[in-house]
Amino acid sequence: MPPTPALPEITAYRSVPDFACGRIKDIRIRWALDEIGRAYRTRLIGGIFEDKAPAYLADQPFGQVPVYKEDDLILFESGSILIHIGEGDARLLPRDTAARGRAISWTIAALNSVEPMIQTLVVLTVKGQGTDWMAGAIDAAKPFAEQRLARLSEALGQRDWLEADFSIGDIVMIDVLRNASPALLAPHANLTAYVARGTARPAFQSAMAAHLADCAVGEALPA
Ligand SMILES: N[C@@H](CCC(=O)N[C@@H](CS)C(=O)NCC(=O)O)C(=O)O
């Protein structure tokens, strides 16, 4: 009998501040694997703000989560990991060249055109608390996020997913939109419904439950 292949491994943090728990990007990878019923294991690497060991930096040059390992393959960047997983399963990435290209375009768009705008507002909100510059900085950054969400809303229209079929593009876009403030999404009922539709999927629910369980590990450790 051929040897049983090792389970893919995802890194996650065992300790994150409350506001970040539920928002770390290993969720994207867990979600994709749960969509296709593929088992995985997690390797907990410590606290989000702790220095990373040199061996970890060799795998992920920026010291971030997630890293994905599968046999000899070591990947970093959630988008690259999702494309790899999708390449192995048409339920996440269509085989048809044109449809596959569109799904990858949406994956990159989520990471490169939408996430930076939303992430900027999150950082300004967290780091600007109590400062006299926060309101002005948010005023300056917000129109960029509003414009991207308006365009995304138009592109999605009344469809369930970004293209005909659910794909890795939806996984990453929905995860990006989860970090937008409710006020930012509020003008776009279709985007709010899109996030609700995606996060209601059983695979998202199971991924989130596993993520939250790992987030809580740090709390259970002796101080
Ligand atoms: N572009 C990276 C971003 C990963 C990322 O931002 N990870 C965060 C947690 S959600 C992290 O590990 N932050 C710690 C740090 O940047 O030092 C990806 O998509 O994988």
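First listed ligand is number 1; within each ligand, the first listed atom is number 1.
- Residues Pro61 and Phe76 are in side-chain contact: their nearest non-hydrogen atoms beyond the backbone lie under 4.5 Å apart.
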Show me the donor-acceptor pairs, under 3.5 Å and distance only, between side chains in residues 120-128 and residues at least two apart or in other chains.
from	atom 1	to	atom 2	distance (Å)
Thr120	OG1	Pro116	O	2.6
Thr125	OG1	Leu121	O	2.6

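- Residues passing the side chain to side chain donor-acceptor pair (under 3.5 Å) test with Gln64, sequence neighbours excluded: none.
- Evaluation of the side chain to side chain donor-acceptor pair (under 3.5 Å) rule for Arg91 yields Asp89 as partners, not counting sequence neighbours.
- Within 4.0 Å of ligand 1, contacts by protein heavy atoms are made from Tyr13, Ile24, Lys25, Arg28, Ile48, Gln64, Val65, Pro66, Glu77, Ser78.
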- Task: Take Lys69 and Asp59 through the side chain to side chain contact (heavy atoms under 4.5 Å, CB included) test and state the conclusion after the steps.
- Result: CA-CA 9 Å; Lys69 292 192 181 183; Asp59 292 344; 3.0 Å; yes

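- Of the options Asp214, Val65, Thr11, a side chain to side chain contact (heavy atoms under 4.5 Å, CB included) to Leu44 is made by Asp214 and by none of the others.
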